[in-house]
Structures are given as structure tokens and as C-alpha cells.
Amino acid sequence: MEKLSLPDIRKDYRMAMLDEKDVNSNPFAQFEKWFGEILHSGIAEPNAMTLATATKKGHVSARIVLLKGFDSAGFYFYTNYESKKANQINENPAGALVFFWKELERQVRIEGRITRSDGQNSDAYYQSRPEKSRISAWASPQSQVIPDRAHLEDRVKRAEEQFKDSSLTRPPFWGGYLLQPALFEFWQGRGDRLHDRIQYLSDAGGTWKIQRLAP
């Protein structure tokens, strides 16, 4: 077998272009346009995104989570309030999201401030989940060290027993977060590594400045 050479792994992007004259003046509308095109492309889990958070000392962590909603306020995701990501958000509310849709040769970066979404929002999403996912939210001590898989499965059984004769309510330690953007960057792959990068920056007045970045 031929030895893999990492420097030789490369792809030339040729599918589309992105020009500042063609993008929407509102980055939320531009994201909605792109996301709609991604949904219609049929790719798997188009809402998968990298979420980066950091401690107050600047120790950074990143992981893949699922986008579960977006509107003019920002981007919503849900997790255990005692998880590693939640503890970092408590220390330092700055966060970043990255979407990479290789099938359409596109990437979106979003930076902003993360806050908890309100209880009504969290309750509504929790109740929309499949029953076993709602049980898992009660059973999993997310990010904590556990002895083995059997320990987790035992916690699931105990949660099922706890709620066998009552409705599943949202755990008080689980709910939603909202990332409120201050920066968007839309990246469209182009040939010869001369990619299109369009950035939106929010100013103090709440308007968005559109800029082209060098690739």
C-alpha cells in the first residue's frame, strides 16, 4: 500500500463563488439562505457544528454539537448545565461556532456571547425529544468520570423506574443555550486556494459591516 503523504492531500474547489455584492445585508438572512440550500442538498446532519468554549484563563475546548434552532437572536443548542462546556460558559461567555459543509464547499464561522435560553424555550425543546433521549438527559452525569458502561445503563434503568408512572419533565440541570453573534464569516471554496471569504462585523449601533477577507 502506498504510504499516505499528508501534504499531498488536497482538493481544488470549483463549485461556486461568493461576492460581497451578492450577499444579503443581514447575516442571519444570508445564513438562512445557505442553510436552506444545505437542507435541500440532502447531506447527513447539516446542523452539526463545532462549538468552541474557553475557561476564564483561556484554556480552549471544542466539540461537535447539533444546532437545534436559530432566529434573529442567535443560535440554539442544548446540553447538561453541569457539563464541561457549560462550566466553561459559566466562566467565560465568549464562544464560537463552525459549520463545514464539504459537499457544497462551504464553511460558516460565528463568534459571539453565549447565554442560557429561557426556561420556556428549554422545556419546549426537551418535550420535543424522543422519550429515550429525555430519559438519557436525566441519567447521564455528562462529562463526569464513570466506572464503566454498566454504571450508565444502571442509571438509565433507575430513571425509567422513577418516571414509569409520571410524565417526563425537564431536568433542572439540563437546558438550552443561545449564542448571540457579533461576527459571521461565510467561506466559499474557490480554485487554487483563492477562496471567497465574506465577513460581517456588528458595530455598537447594531448594524453589520460587510468586508472581504483574503483567503
Side-chain angles (χ1 to χ4, degrees), residues 6-7 9-11 13 18 27-28 30-31 34-35 38 43-118 121-122 125 136-137 140-146 152 171 173-189 193 195-204 208-215:
L6 291 177
I9 299 175
R10 58 184 74 247
K11 173 180 171 59
Y13 300 102
L18 185 65
F28 291 97
Q30 181 64 33
F31 182 87
W34 267 24
F35 197 70
I38 293 299
I43 69 172
E45 293 196 302
N47 58 330
M49 61 187 184
T50 300
L51 166 67
T53 57
T55 67
K56 61 184 176 182
K57 293 184 177 180
H59 299 299
V60 181
S61 295
R63 75 291 287 164
I64 302 296
V65 300
L66 297 179
L67 175 69
K68 288 300 181 179
F70 66 92
D71 55 26
S72 59
F75 295 77
Y76 297 87
F77 61 93
Y78 298 83
T79 191
N80 188 306
Y81 288 147
E82 297 170 359
S83 64
K84 181 175 181 177
K85 70 176 81 65
N87 289 332
Q88 290 190 338
I89 292 167
N90 289 340
E91 288 188 23
N92 179 355
L97 306 175
V98 180
F99 296 86
F100 179 54
W101 300 307
K102 64 182 178 63
E103 292 83 355
L104 296 187
E105 300 176 352
R106 289 176 175 174
Q107 174 180 269
V108 180
R109 295 195 313 108
I110 303 168
E111 298 176 4
R113 179 182 177 87
I114 303 174
T115 60
R116 285 195 189 186
S117 61
D118 62 53
N121 170 280
S122 295
Y125 175 68
S136 295
S140 175
Q142 193 174 98
S143 300
Q144 297 181 27
V145 175
I146 58 175
L152 183 61
F173 51 81
W174 189 98
Y177 284 98
L178 170 68
L179 186 141
Q180 301 166 296
L183 178 150
F184 286 78
E185 183 196 317
F186 293 85
W187 180 99
Q188 178 69 60
R193 292 297 183 264
H195 310 304
D196 289 329
R197 297 174 61 190
I198 304 298
Q199 175 177 271
Y200 294 74
L201 276 179
S202 177
D203 64 19
W208 293 93
K209 182 178 182 180
I210 299 176
Q211 303 167 315
R212 173 173 284 271
L213 304 179

Item to check | Side-chain touch D196/R212, heavy atoms, less than 4.5 angstrom | outcome: yes

Item to check | Nearest heavy-atom neighbours spanning S72 and F28 | outcome: O-CZ, 3.6 Å

Checklist entry - Got a donor-acceptor contact below 3.5 angstrom from the S122 side chain to the G175 backbone? => result no

Checklist entry - Looking at D118 and N121, what are the two nearest heavy atoms and their distance? => result OD1-N, 2.7 Å

Checklist entry - Y177: what forms a ring pair (Phe, Tyr, Trp, His ring centres under 6.0 Å) with it, not counting sequence neighbours? => result F77, Y81

Checklist entry - How long is the gap from CD on Q142 to CD on E82, to the nearest 0.5 Å? => result 10.0 Å

Next on the checklist: How close do A96 and L179 get, counting heavy atoms only, and between which atoms?
Outcome noted: N-CD1, 4.0 Å

Item to check | Contact summary for N92 and T55, nearest pair of heavy atoms | outcome: ND2-O, 3.4 Å

Item to check | Partner residues of W187 under the ring pair (Phe, Tyr, Trp, His ring centres under 6.0 Å) criterion, sequence neighbours left out | outcome: Y13, H195

Next on the checklist: How long is the straight-line distance from NZ of K209 back to CG of D203, given to the nearest 0.5 Å?
Outcome noted: 9.0 Å

Contacts table for residues 59-71: side-chain donor-acceptor under 3.5 angstrom, sequence neighbours left out:
residue, atom, partner, partner atom, Å
S61, OG, K84, NZ, 3.4
S61, OG, Q88, NE2, 3.2
R63, NH1, L51, O, 3.0
R63, NH1, T53, OG1, 3.0
R63, NH1, S61, O, 3.4
R63, NH2, T53, OG1, 3.4
D71, OD1, A73, N, 2.8
D71, OD1, G74, N, 3.3
D71, OD2, Y76, OH, 3.1

Checklist entry - So how far is it from R116 CZ to Y78 OH, rounded to the nearest 0.5 Å? => result 13.5 Å

Item to check | Neighbour count above 12 (heavy atom, 6.0 Å) for R197 CZ | outcome: yes

Checklist outcome for this item: ring pair (Phe, Tyr, Trp, His ring centres under 6.0 Å) filter on F173, not counting sequence neighbours, yields W138

Checklist entry - Which heavy atom of P141 sits nearest a heavy atom of I146, and at what distance? => result CG-CG2, 4.0 Å

Next on the checklist: Quick test of your reading: applying salt bridge (charged side-chain N to carboxylate O under 4.0 Å, His left out), list the pairs with at least one residue in residues 86-101, sequence neighbours left out, ordered by first then second residue.
Outcome noted: none

Next on the checklist: If the condition is side-chain contact (heavy atoms from CB on, under 4.5 Å), which residues does V108 pass it with, not counting sequence neighbours?
Outcome noted: F31, W34, F99, W101, I110, F186

Checklist entry - Given L201, which of Q211, E185, E111 fulfils the side chain to side chain contact (heavy atoms under 4.5 Å, CB included) condition? => result Q211

Checklist outcome for this item: Between F35 and P46, the two heavy atoms sitting closest are CE1-O, 3.6 Å

Next on the checklist: As an exercise, state the distance from OG of S140 to CH2 of W174, rounded to the nearest 0.5 Å.
Outcome noted: 12.0 Å

